[in-house]
Protein chains: 4
Amino acid sequence: MDTRAPAAESPWLPFESRRRARDEKREAVLRTAVQLFLEQGYHRATLNEVAERLNITKPALYNYFRGKDEILFECWAMGLELVETSTAAINAAGGSGLDKLRKMARAYGGLMATDFGASLVRFDVRDLGAKHRDIVLAGKKSIDRTFRGYITEGIADGSITPCDPKMTAFMIAGSLNWIGHWYKRDGTMTPEAIGETFAMQLTDGLAVRPPRKPRTTKQHTKR
Amino acid sequence: MDTRAPAAESPWLPFESRRRARDEKREAVLRTAVQLFLEQGYHRATLNEVAERLNITKPALYNYFRGKDEILFECWAMGLELVETSTAAINAAGGSGLDKLRKMARAYGGLMATDFGASLVRFDVRDLGAKHRDIVLAGKKSIDRTFRGYITEGIADGSITPCDPKMTAFMIAGSLNWIGHWYKRDGTMTPEAIGETFAMQLTDGLAVRPPRKPRTTKQHTKR
Amino acid sequence: MDTRAPAAESPWLPFESRRRARDEKREAVLRTAVQLFLEQGYHRATLNEVAERLNITKPALYNYFRGKDEILFECWAMGLELVETSTAAINAAGGSGLDKLRKMARAYGGLMATDFGASLVRFDVRDLGAKHRDIVLAGKKSIDRTFRGYITEGIADGSITPCDPKMTAFMIAGSLNWIGHWYKRDGTMTPEAIGETFAMQLTDGLAVRPPRKPRTTKQHTKR
Amino acid sequence: MDTRAPAAESPWLPFESRRRARDEKREAVLRTAVQLFLEQGYHRATLNEVAERLNITKPALYNYFRGKDEILFECWAMGLELVETSTAAINAAGGSGLDKLRKMARAYGGLMATDFGASLVRFDVRDLGAKHRDIVLAGKKSIDRTFRGYITEGIADGSITPCDPKMTAFMIAGSLNWIGHWYKRDGTMTPEAIGETFAMQLTDGLAVRPPRKPRTTKQHTKR
DNA sequence: TATGAATGAGGTTTCATTCAT
DNA sequence: AATGAATGAAACCTCATTCAT
C-alpha cells in the first residue's frame with residue numbers, strides 16, 4: 001500500500017525501484033534463512049519459522065525462491081561468491097606461492113566465521129537437487145584446487161617446503177573449515193584475528209626457513 | 001563362527017549365547033545404521049531402510065533401541081569410546097607432550113576414517129535428546145581438553161614451541177576432523193597412513209628444532 | 001448462509017467474514033468430532049474419520065487445532081461453558097437454595113442430553129495434556145462446588161432438609177451425570193423433560209415439607 | 001520337564017493342583033489387569049505393564065486369556081457375577097419392594113467401590129468383541145430390570161410411592177453408578193457406609209410416609 | 001505480491017499378537 | 001508354561017508445496 005506517487009516523472013523508476021525492493025526482500029529472506037539453518041540445522045528449520053522471523057507468511061517465500069532447497073542453494077552460492085572474490089583479489093595481487101597461501105588462509109578463515117561462509121561447510125550437498133548439487137560440488141572442487149595450486153606454486157618458486165600438495169591442502173583447508181563449526185560470534189577473537197592466527201601458524205611449518213643462528217632468545221609469533 | 005558345542009555340557013550356555021546373539025544383533029543394527037546415516041544423512045535415512053538392509057521389519061529395531069535418536073546416540077558413544085581407548089593407551093605409554101600429541105593425531109586421524117569415528121564429526125548433536133546431547137557434548141569437550149593438555153604439557157616440557165594451546169588444538173583437531181568429511185574408503189591411502197601423514201605434518205611446525213646448520217642438502221620436514 | 005452483500009461497501013468485511021468463516025469451520029470440526037468421539041469413543045475415533053465426515057483431509061484439521069487432544073479439550077471447554085452460563089443465570093435469578101438446586105438440576109440434566117454436555121462425563125481427563133487436564137478438573141470441581149453450595153444455602157435458608165451436602169451433591173450430580181451415558185436422542189423424552197423429572201424427583205426428598213394431614217387420597221411426588 | 005515325582009500316590013492330585021494353580025494365576029492376572037485398567041484406562045494400559053506387575057512377560061498372558069479384550073470381558077463378568085449374587089440373596093430374603101430396593105442400593109453401591117464392581121461402569125462395551133459385548137449388555141439390562149422390578153413391586157405392594165419406574169430406576173442406578181467414578185479407596189467412608197447412605201437417602205423420597213406430626217426437633221441421619 | 005486453506009507424502013512410534021524355542 | 005523376537009497394522013503428526021483469492 002505504498003501510495004507515494006513517483007510514477008509521474010518516470011515510468012521507469014518505479015520498475016527499477018520495484019525490482020530493487022524485490023532484490024532487497026530476496027536478500028532479507030536469504031539472510032534470515034541462513035541464520036536459521038545454521039542455528040537449527042536445515043532439516044529442523046521450517047519455512048514457517050523463516051517466514052515468521054520476516055513477518056510474512058510461508059507461501060510468500062515462494063515469490064522469491066522456488067523451494068526450500070533453492071534457498072539452501074543460494075546460501076551456498078553466496079558463500080562461493082565470497083570465496084571467489086577473495087581468490088580473484090589474491091591472484092590479482094600476485095606474490096609467491098606462500099604469500100598467496102597465507103592470504104588465502106586469512107581470507108578463507110575469516111569467511112568461515114561468516115554466515116554465508118559457514119554455509120560452505122555446515123550444510124549438506126545431498127539436500128540439494130541434482131543440478132544445484134553439481135554446481136556446488138564444482139565450487140568446492142575449485143576451492144580445493146586453489147589451495148593446491150598455491151601450494152604447488154610455492155613449492156615451485158621455493159617459498160614452500162616440498163610436500164604432498166593434496167594432503168597439505170586438505171590439512172589446511174580442513175583446519176580452516178572447522179572454524180565454521182566452532183566459531184561463535186560471541187567469542188573473544190574477531191574472524192580476522194582467527195584467520196590471521198591460523199594463516200600464520202598453519203603455514204609456518206611450511207615456510208622454507210633461512211638458516212637460523214643458534215637460538216638465544218625466544219622470539220615467537222604469539223606471546 | 002562360534003562352533004563350541006553348547007547345550008550338552010551346561011544349561012547355562014544357551015542363556016549366555018542368547019544374550020550374545022542379542023548383542024550381536026544390536027551391533028549389526030548399529031553398524032548398518034551408522035553406514036546409512038553417513039551415506040544419506042541422518043534425516044534422509046529412514047528406519048525402514050535400516051531394517052530392510054538387515055532383512056527385518058522396522059518395529060523389530062525397537063527391540064534393540066528406543067528410537068531413531070537413540071541409535072544415533074549409540075553411534076556417537078561408539079566413537080567416543082574408541083577415542084577414549086586411544087587416549088588411555090597414549091597416557092599409559094607416557095612420553096613428552098609432543099610425543100603424545102603425535103600419537104594422538106595419528107590415532108584420532110585414523111579413527112576419522114572409520115564409520116564410528118566419523119560419527120563424531122558428521123552428525124549433529126541437535127538431533128539428540130537433551131540428555132544424550134549433554135553426554136556427547138561432554139565427550140567432545142573431553143577430547144578437546146586432551147588435545148590442549150598434550151600441547152600444554154609439551155610446552156612445559158620443552159618439546160613444543162610455545163603457542164596458544166586453545167587455537168593450536170582447534171587447528172590440529174579441526175584438520176583431523178575434516179578427514180571424517182572427505183575420506184572415502186576407496187581412496188589410495190589407508191586410514192593409518194593418513195593419520196601418520198597428518199600427525200607428522202601438523203606437529204612438525206610445532207616441534208622445537210635444534211639449531212640447524214646452513215642447509216646444504218634437502219633435508220626437510222618429512223624427516 | 002450469511003447473504004448480506006459484503007465486498008462492495010467495505011474492504012473490511014471480507015476480512016471479518018473470513019474470520020467468521022474460519023470460526024464456523026472450527027466449530028464444524030468440533031461438532032463433528034464430539035459426535036464421533038461420543039459414538040465410537042475417543043480412542044477408537046480417528047482424525048481421519050473426523051476429516052472424512054467433513055470432506056477434508058486429516059492435516060487440514062491441524063489448521064484449527066493443535067492435535068487430537070486439543071480437540072478433546074475444546075469439547076470439554078464447550079461443555080463447561082454451557083454449565084457456567086446456566087449457573088450464572090441461576091445465581092442471577094436468586095431464590096431459595098432449593099429453588100436454585102432445582103433449576104440447576106433441570107439445566108444440568110438437560111445439558112447431559114447434549115453432545116457437549118455429555119462430553120463432561122463421557123470423556124476421560126487422562127487423555128488430556130497436563131495443562132488442559134488441570135483446567136478441566138478445576139471446572140468439574142467448580143460444578144461440584146455449585147451443587148454443594150446450593151444445598152448448603154438451602155439448608156441455611158430452611159428450604160432444604162439438613163443433610164450431608166457433599167454426599168447429597170454426589171448423589172444428585174451422579175444421577176444427572178448418568179443421563180449423559182444412557183440418553184439417546186431417539187428416546188421418547190426430551191432433554192428438558194428429563195431434566196424436569198429428575199429435578200423434581202431428586203429434590204422432592206430434600207424439600208422441607210409442611211406438616212401433612214393424614215393422607216386420604218394419593219397425592220404424591222409426580223405432581 | 002518337572003521331574004519331581006508325586007505321581008506315585010495319586011495320579012490325580014497333581015492334575016487337580018495344577019489346575020488350581022492355573023486358576024489362581026488366571027485370577028491374579030485379572031486382579032492386576034482390572035486395577036491397571038481402572039488406573040490408566042483400558043486403552044492407555046498395555047499388556048506389557050500388566051505382565052510387568054506380575055513379573056512375567058507379555059506372551060505369558062496369552063496362556064490365560066485369548067487377548068486383551070477377553071481380559072476386559074472377564075472383568076465385567078466378575079462384576080456381573082457379584083451383582084447377581086447380591087440380587088439372588090435379596091430375592092431369597094423376600095420383603096417389600098422398598099425393602100428389596102434398599103438392600104439392592106446398599107449392595108450395589110458398595111460394589112461400586114470395588115474394582116470389579118467399578119468395571120461395570122468405568123469400561124466401555126465398545127471395546128469388546130461382538131459376542132462378549134452382547135453378554136455384557138444383557139447383564140446390564142438385567143440389572144436395570146432388577147431395579148425397575150423392585151420399584152414396580154414396591155408400588156404394587158404399597159411400600160413405594162407411585163412413580164415412573166423407568167426414570168426412577170435410572171435415577172437411583174445412575175446415582176449409584178457414579179460412585180464407581182468418584183470413589184477413591186483412601187476416602188473417609190467405607191463402601192458399605194456409602195451404600196447405606198445412598199440407599200437411605202435415595203429411597204427416602206420414595207417411601208410412602210406415615211402421617212407426620214409437625215416437626216418439633218430436627219432428627220436426622222447425618223448431623 | 002501476499003494470504004489462508006488445504007493437500008500429499010512420509011516418518012516415527014506403539015502395541016497386540018504370533019511363533020519358534 | 002514361558003520367553004525373546006518379530007510382525008502388521010495403524011495412528012498421529014509435520015511440512016513443503018500448491019491454489020484460489
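A:Ala51 comes within contact range of no nucleotide atom at all, as no heavy-atom separation falls under 4.0 Å. Residue contacts shown for B:Tyr64 are limited to sugar-phosphate atoms, with no base heavy atom under 4.0 Å away.
Remark: E:dA16 base-pairs with F:dT7. Criterion, Watson-Crick or G-U wobble with two distances under 3.5 Å. E:dG10 and F:dC13 make up a base pair, with Watson-Crick or G-U wobble contacts both under 3.5 Å. Remark: E:dT21 base-pairs with F:dA2; criterion is Watson-Crick or G-U wobble with both hydrogen-bond distances under 3.5 Å.
Here C:Asn63 does not reach the OP1 or OP2 of E:dA5: none of its side-chain N or O atoms lies under 4.0 Å away. Proximity of D:Lys25 to the phosphate of F:dA2: a side-chain N or O atom is located under 4.0 Å from OP1 or OP2. For C:Arg22 and E:dG4, the shortest distance from a side-chain N or O to OP1 or OP2 is not below 4.0 Å.
Rounded to a whole Å, the CG atom of D:Asn48 is 13 Å from the P atom of F:dA5. Rounded to an integer number of Å, the gap from D:His43 NE2 to F:dC12 P is 12 Å. Atom-to-atom, CZ of D:Phe65 to P of F:dA2 comes out at 13 Å; the value is rounded to the nearest Å. In this structure, A:Arg66 places its CZ atom 15 Å from C1' of F:dT18, rounding to the nearest Å. Nucleotide E:dT17 holds its P atom 10 Å from the CD atom of D:Glu70, rounded to whole Å. For A:Arg26 and E:dT1, the CZ to C1' distance is 16 Å, given to the nearest whole Å. When rounded to the nearest whole Å, the span between CG of D:Leu47 and P of E:dT14 equals 16 Å. Atom P of nucleotide E:dG10 and atom NZ of C:Lys58 are separated by 14 Å, given to the nearest angstrom.
Under a 4.0 Å N-O distance rule, the pair D:Glu27/D:Arg22 does not qualify as a salt bridge. Using a 4.0 Å cut-off between charged side-chain N and carboxylate O, C:Arg31 and C:Glu74 make no salt bridge.
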Steps toward ring-ring contact (aromatic ring centres under 6.0 Å, His included) verdict (A:Tyr42, A:Phe37):
CA-CA 5 Å; A:Tyr42 177 70; A:Phe37 289 175; 5.1 Å; yes

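D:Trp76 places a side-chain heavy atom less than 4.5 Å from the side chain of D:Val125.
Taking for each of A:Asn55 and B:Pro59 the nucleotide of DNA chain E with the nearest heavy atom, the 5'-most of the two is the partner of A:Asn55. In terms of position along DNA chain F, the nucleotide closest to B:Ile56 lies nearer the 5' end than the nucleotide closest to the other residue of the pair B:Ile56 and C:Tyr62.
Note: A:His132 and A:Phe73 have parallel aromatic rings, judged against thresholds of 30 and 60 degrees for the angle between ring planes.
For A:Lys68, taking side-chain heavy atoms from C-beta onward, the closest of the listed nucleotides F:dT14, F:dT17, E:dG8 is F:dT17.
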